[in-house]
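Following: one structure in structure tokens, then a few remarks.
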There are 2 protein chains.
Amino acid sequence: MSTPTDHRSAPRRRGEELVDAILSAACQELIEVGYAKLSYESVARRSGASKVSIYRRWPTKPELVKSAAAHHAHIPQLPGEPSTLQADLRSVLGDVARQIDAPIGQLLRALMAASVAEQAPSMAELSWGMGPGLMRKVAEQAVARGELSDVPVGLVLSVPTDLIKQRFISYGIVNQEFIDDLVQLIVLPLWLGDKSSR
Amino acid sequence: MSTPTDHRSAPRRRGEELVDAILSAACQELIEVGYAKLSYESVARRSGASKVSIYRRWPTKPELVKSAAAHHAHIPQLPGEPSTLQADLRSVLGDVARQIDAPIGQLLRALMAASVAEQAPSMAELSWGMGPGLMRKVAEQAVARGELSDVPVGLVLSVPTDLIKQRFISYGIVNQEFIDDLVQLIVLPLWLGDKSSR
DNA sequence: AAAATAGTGTACGTGCCGTTTACTAAGTGC
DNA sequence: GCACTTAGTAAACGGCACGTACACTATTTT
């Protein structure tokens, strides 16, 4: 008589409401304990949902984690008032770097773990905002101001964000000093195409 | 009487011999089933060692995996006959890209997973040969030939290998086409400092 | 020869996996 | 209003791996 364990009575959540609860719980869990220690059982406990409901929607852990991360939906920060290509780059990339610190960093780390651990090449899709799109905007503004002759091709556009990701993976942190060096030594010379800024 | 399970008699391996057996087994296991599915029990079974012996030396899975990867020690491939900066880059980076395919790729993937999953920033140390060192050699030869005025700074030197790693993480494969684009659109313009090669 | 060191097999409790079962609340068609 | 379908819940299952403990023994050191 100790455990009246039967929540089959409560107003039963469905559809979006339930999904929200599960993904939020998964996010929290990711931030607190990380990817490796996240389990279906813990998410079920935390969200108050049943394991089966979770398995039905996300048969594997990477899928669940990716949905959770996407659900969190921390959209990037806009360039703000355009000024100079160098200033814009430092500002935007600096914001990205700052966002990469806790607790989002832990979430990103989890996301990468999900991508790397199992065969899940869809890491590319989840560029968490800081993808070519962001860089393209910056480049377009520079072109409009006449600082840049053309918007670089995709591969070149994504160099800064790719290198930031790489830095994060290798060293765990991305500070402003790195951003400054990145802009000064790599992005500007590469985009402008001369060595004068070094 | 079915199981005479007691190998406590056999010539008992110790020290380096035992370590070798364990790490080799771990490597094989990594290549076959990947990081996520690798377990202490499977490594113990495969190596014929006991779990305790493994736990004593590598208390956590990332540590074990990193040792295993380091033990494998596939050193990079040398530039061979130097010719042109562009040719050297394509050759060396192409080799790196080819090495990144199976089975080494799976091992690298495991290594990254180990680094990313838990706080293990020592990914940087294990640059599996394709680090700044390799690029420095290429650059130095180009300087000796007069193609390059100076050897770029470390950050710039590691751009090609960093971007290859990033590509591997995001898309799972690194083909020669990517290498060609990388050399043509990024490395040469960045190192030479002009847009003529685009 | 005695003692310290280190490897082996076995067993244990715990936690999570992924699935199945039985039940029931919420929506749907009539 | 009522049958009927859909979907969420609790509980239990066998299985596997975890991480640790124990008793034992082979090897090395003193």
Side-chain angles (χ1 to χ4, degrees), chain A residues 1-26 28-30 32-65 67-68 110 113-114 117-118, chain B residues 1-26 28-30 32-65 67-68 110 113-114 117-118:
Chain A
M1 58 163 163
S2 52
T3 46
T5 43
D6 216 332
H7 307 179
R8 311 180 213 182
S9 48
R12 202 174 272 182
R13 297 168 298 181
R14 289 198 157 212
E16 198 171 347
E17 188 189 355
L18 185 58
V19 169
D20 270 13
I22 294 172
L23 293 184
S24 299
Q28 277 305 312
E29 209 69 17
L30 274 180
E32 286 179 19
V33 306
Y35 176 79
K37 288 185 179 172
L38 175 135
S39 73
Y40 276 78
E41 314 244 359
S42 63
V43 174
R45 271 195 301 271
R46 182 162 209 150
S47 65
S50 79
K51 273 200 301 177
V52 184
S53 299
I54 309 180
Y55 272 110
R56 225 196 314 272
R57 291 169 222 263
W58 304 277
T60 70
K61 192 164 153 180
E63 291 174 84
L64 173 58
V65 168
S67 280
E118 353 254 316
Chain B
M1 57 161 161
S2 52
T3 47
T5 44
D6 216 332
H7 308 177
R8 311 179 215 182
S9 47
R12 201 173 274 182
R13 296 169 299 181
R14 289 200 157 211
E16 197 171 349
E17 187 189 356
L18 186 59
V19 169
D20 271 14
I22 294 173
L23 293 185
S24 298
Q28 277 304 312
E29 208 68 17
L30 274 181
E32 287 179 19
V33 305
Y35 176 78
K37 289 185 180 174
L38 175 134
S39 74
Y40 276 78
E41 313 243 2
S42 63
V43 175
R45 269 196 301 271
R46 182 162 209 149
S47 66
S50 78
K51 275 201 297 178
V52 184
S53 299
I54 309 181
Y55 272 109
R56 224 194 319 270
R57 291 168 221 262
W58 305 277
T60 71
K61 192 163 153 179
E63 292 174 83
L64 173 58
V65 168
S67 280
E118 354 255 315

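Lettering of chains follows the sequences in order, A, B, ..., and the numbering in each one begins at 1.
Nearest nucleotide to the side chain of A:Arg45, out of D:dA10, C:dC16, C:dT19: C:dC16. Listed nucleotides C:dG7, D:dG8, C:dG9 differ in distance to B:Ser53; the shortest reach to its side chain belongs to C:dG7. Side-chain proximity of A:Arg12 to C:dA26, D:dA11, C:dG9: nearest is C:dA26.
Distance, A:Glu41 CD to D:dA10 P: 13 Å, rounded to whole Å. A straight line from CG of A:Leu18 to C1' of D:dG8 spans 7 Å, rounded to a whole angstrom. Rounded to a whole Å, the CD1 atom of A:Ile54 is 12 Å from the P atom of C:dG18. At whole-Å resolution of the value, CZ in B:Arg46 and C1' in C:dT8 are 21 Å apart. If you take CG of B:Leu38 and P of D:dA17, they are 10 Å apart, rounded to a whole angstrom. In this structure, NZ of B:Lys37 is placed 18 Å from C1' of D:dC18, rounded to the nearest angstrom. The NZ-P distance, from A:Lys51 to C:dT21, rounds to 15 Å in whole Å. Atom pair A:Tyr55:OH and D:dG8:C1' shows a separation of 17 Å (rounding to whole Å applied).
Between A:Ile22 and A:Val43, the closest heavy-atom pair is O-CG1, 3.9 Å. The two residues A:Lys51 and A:Tyr40 have their closest heavy-atom pair at CG-O, 4.4 Å.
Neither OP1 nor OP2 of C:dT24 sits under 4.0 Å from any side-chain N or O of A:Arg14. Put simply, A:Arg56 has a side-chain N or O that comes within less than 4.0 Å of OP1 or OP2 on D:dG8.
Residue B:Ser39 is classed as a sugar-phosphate contact, given heavy-atom separations below 4.0 Å to backbone atoms only. Note on A:Arg13: only backbone sugar-phosphate atoms sit closer than 4.0 angstrom, heavy atoms only; bases stay farther off.
Residues A:Ala49 and B:Tyr40 both approach DNA chain D. Their nearest nucleotides, taken by heavy-atom distance, put A:Ala49 toward the 5′ side.
A salt bridge between A:Glu32 and A:Arg46 is present, with a side-chain N of the basic residue lying under 4.0 Å from a carboxylate O of the acidic one.
Side chain of A:Ser53 to backbone of A:Ala49: no donor-acceptor contact under 3.5 angstrom is found. Within the 3.5 Å criterion, the main-chain N or O of B:Leu38 finds no donor-acceptor partner in the side chain of B:Ser42.
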